[in-house]
Amino acid sequence: MKKIVVLICLLFAFTACSFAAEPLKLTMGTGGTAGTYYPYGGAISQLVSDKTGLVSITAQATGAAIENIRLLDLGDIDIAIVQNDSAHYAYNGTEAFKDAKITSFKAIARLYPEVIHVVTGADSGIKTIEDFKGKKISVGAPGSGNESNARQILEVLGVGYETFTPLFISYAETANNFKDRQVDAFMYTTGVPNPSLMDISTLQKLSFIPIEGETRDKIMEAYPFFAKYAFPVNAYSGIDAPVETIAVQSILVVHEDLSEDIVYAMTKALFENKEELSTAHAKGKELDINLARNGVTIPFHPGAEKYFQEVGLK
């Protein structure tokens with residue numbers, strides 16, 4: 001009888017240990033299935049799950065940054081990829097969050113830049129953003145992050161929508177209208193390279209207008225979520241020398257209630273397995289511990305801060 005009791009106790013103990021060892025199930029908000037966030041989020045989810053053994057993350061397709069922040073606040077997801085400017089708007093109750101600020105999430109790290117492209121035809125006569133006056137300029141779809149960035153930059157430089165004809169159209173519509181000479185210049189907020197821009201550049205010679213020097217400083221002072229960026233040589237046809245500009249950042253965020261130990265382990269796994277991540281998705285090559293804070297204006301999660309301190313990142 002004693003042996004049976006001992007066996008039962010051992011069985012309960014083993015079962016309890018098994019339950020204790022179960023990884024924490026988390027959901028990651030990404031973006032649409034045709035975009036970058038969804039596959040990259042899937043790659044991060046798999047890597048972090050495999051390397052930590054503490055979490056099991058499932059990537060979920062969503063409406064991207066703004067929806068992800070709202071889903072985090074509702075507790076429907078636990079981790080997400082968002083743009084740093086959208087995070088800034090949520091924390092400060094501006095733009096899409098002007099009616100209700102959201103601060104229930106924290107940053108883990110910057111992932112990669114979403115670059116401001118200011119583009120025109122090489123024969124357009126447009127040399128600076130100030131030359132937009134009186135022209136037809138595509139600034140992005142209504143209510144998009146692209147349009148917000150374009151408006152912010154233009155207003156800082158005193159080139160408001162009233163000074164030219166703003167066209168509120170998508171990337172695809174912009175490309176088609178530009179080819180037909182119905183658009184004089186356009187502003188994109190997107191990763192490098194952008195497919196529609198690559199398509200345009202094979203048909204027309206383009207000019208990339210720089211954002212640099214005092215102009216850039218002025219914009220970054222007004223909107224600190226922007227960071228410096230330079231298009232590398234041959235990023236697009238016609239770029240034969242680096243072109244200075246600015247960028248917002250795609251960042252990884254989590255709900256503030258996740259424990260410090262869990263977020264520390266996730267952050268460590270992310271940065272210490274960069275090569276494996278870059279094999280799973282090309283954007284992994286742009287992950288850089290030295291740029292982990294770049295353009296992030298919201299608070300970092302204590303677990304991420306613990307890892308940064310460990311590796312000497314200030």
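Please read these numbers as outputs of a predicted model, since none were measured by experiment.
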Point-to-point distance, once rounded to the nearest 0.5 Å, from CD of Glu305 to CD of Glu260: 10.0 Å

Inter-residue atom distance Asp73.CG - Asn68.CG, 0.5 Å rounding: 12.5 Å

Sequence neighbours left out, cut at 3.5 Å: what donor-acceptor pairs do the side chains of residues 261-269 make with other protein atoms?
unit_1 : atom_1 : unit_2 : atom_2 : d
Tyr264 : OH     : Glu310 : OE1    : 2.6
Tyr264 : OH     : Glu310 : OE2    : 3.0
Thr267 : OG1    : Val263 : O      : 2.7
Lys268 : NZ     : Glu272 : OE1    : 3.4
Lys268 : NZ     : Glu272 : OE2    : 3.3

Separation of Ile79 CD1 from Leu71 CG (nearest 0.5 Å): 14.0 Å

Heavy-atom side-chain contact between Glu276 and Gln46 under 4.5 Å: no

Considering all heavy atoms, the nearest Val253-Leu72 contact: CG2-CD1, 3.6 Å

Tyr161 to Leu154 - nearest heavy-atom pair and separation: CE2-CD1, 3.9 Å

Residue pair Ala59 / Thr30: nearest heavy atoms and the distance that separates them: CB-CG2, 4.2 Å

Hydrophobic cluster membership, Val118 vs Val183, 4.5 Å side-chain cutoff: no

Among Phe186, Tyr236, Tyr229, ring pair (Phe, Tyr, Trp, His ring centres under 6.0 Å) partner for His117: Tyr236

Stepwise salt bridge (charged side-chain N to carboxylate O under 4.0 Å, His left out) check, Lys218 with Glu214: CA-CA 6 Å; Lys218 200 174 179 180; Glu214 290 183 6; over 6 Å; no

Atom of Pro113, atom of Gln249 and distance for their closest heavy-atom approach: CA-OE1, 3.5 Å

Ser124 and Asp184 side chains, donor-acceptor separation under 3.5 Å: no

Test item: Ser49 side-chain N/O and Ser45 main-chain N/O as donor-acceptor pair under 3.5 Å: yes

Any side-chain heavy-atom pair of Tyr188 and Val115 under 4.5 Å: no

Within-4.5 Å side-chain heavy-atom neighbours: Leu252 and Ile81: yes

Non-hydrogen atoms of Ala222 and Val156 that approach each other most closely: CB-CG2, 3.8 Å

Derivation and outcome, side-chain contact (heavy atoms from CB on, under 4.5 Å), residues Leu258 and Leu26: CA-CA 10 Å; Leu258 274 183; Leu26 302 176; 3.9 Å; yes

Any Leu24 side-chain heavy atom under 4.5 Å of Ser56 side chain: no

Ion pair check, Lys205 and Asp240, cut-off under 4.0 Å: no

Any side-chain heavy-atom pair of Asn177 and Lys136 under 4.5 Å: no

Given Gln83, Glu114, Lys283, the one that forms side-chain hydrogen bond (donor to acceptor under 3.5 Å, both in side chains) with Ser250: Glu114

Any side-chain heavy-atom pair of Phe178 and Leu206 under 4.5 Å: yes

Donor-acceptor pair, side chain of Asn149 and main chain of Asn146, under 3.5 angstrom: no

Side chain proximity check, Ile153 to Ile246, heavy atoms < 4.5 angstrom: yes

Val139 reachable from Val119 in the ILVMFWY side-chain graph, under 4.5 Å edges: no

side-chain contact (heavy atoms from CB on, under 4.5 Å) between Asn84 and Thr297, intermediate numbers included: CA-CA 7 Å; Asn84 65 329; Thr297 60; 5.9 Å; no

Main-chain N/O of Leu287 paired with Lys274 side-chain donor or acceptor, under 3.5 Å: yes

Considering all heavy atoms, the nearest Glu130-Val159 contact: CA-CG2, 4.0 Å

Joint cluster assignment, Phe231 & Tyr171, ILVMFWY side-chain distance < 4.5 Å: yes

Separation of Ile77 CD1 from Thr58 OG1 (nearest 0.5 Å): 12.5 Å

Over 12 foreign heavy atoms within 6.0 Å of NZ, Lys228: no

Hphob cluster co-occupancy, Leu203 + Leu197, side-chain heavy atoms under 4.5 angstrom: no

Stepwise salt bridge (charged side-chain N to carboxylate O under 4.0 Å, His left out) check, Asp123 with Arg181: CA-CA 11 Å; Asp123 59 354; Arg181 306 287 177 172; 3.6 Å; yes

Cluster check Leu47, Ile57: I/L/V/M/F/W/Y, side chain < 4.5 angstrom: yes

Gap separating the CD1 atom of Ile137 from the OG1 atom of Thr120, nearest 0.5 angstrom: 7.0 Å

Test salt bridge (charged side-chain N to carboxylate O under 4.0 Å, His left out) applied to Glu286 and Arg110, step by step: CA-CA 10 Å; Glu286 298 179 58; Arg110 169 263 196 201; 5.4 Å; no

Worked verdict on Leu277 versus Ile44 for side-chain contact (heavy atoms from CB on, under 4.5 Å): CA-CA 7 Å; Leu277 180 62; Ile44 291 172; 4.0 Å; yes

Straight-line distance of Leu111 CG to Asn294 CG, nearest 0.5 Å: 12.0 Å

Pair Phe300 + Tyr307: ring centers closer than 6.0 Å: no

For His281, the option from Tyr112, Tyr40, Tyr38 that meets ring pair (Phe, Tyr, Trp, His ring centres under 6.0 Å): Tyr40

Side chain Asp180, main chain Gln182, donor-acceptor under 3.5 Å: no

Check against side-chain contact (heavy atoms from CB on, under 4.5 Å), Asp85 and Ser148: CA-CA 9 Å; Asp85 52 342; Ser148 293; 5.6 Å; no

Any side-chain heavy-atom pair of Ile102 and Phe97 under 4.5 Å: yes

Proximity of Tyr91 and Phe105 rings by center, below 6.0 Å: yes

Greater than 12 external heavy atoms within 6.0 Å of Lys25's NZ: no

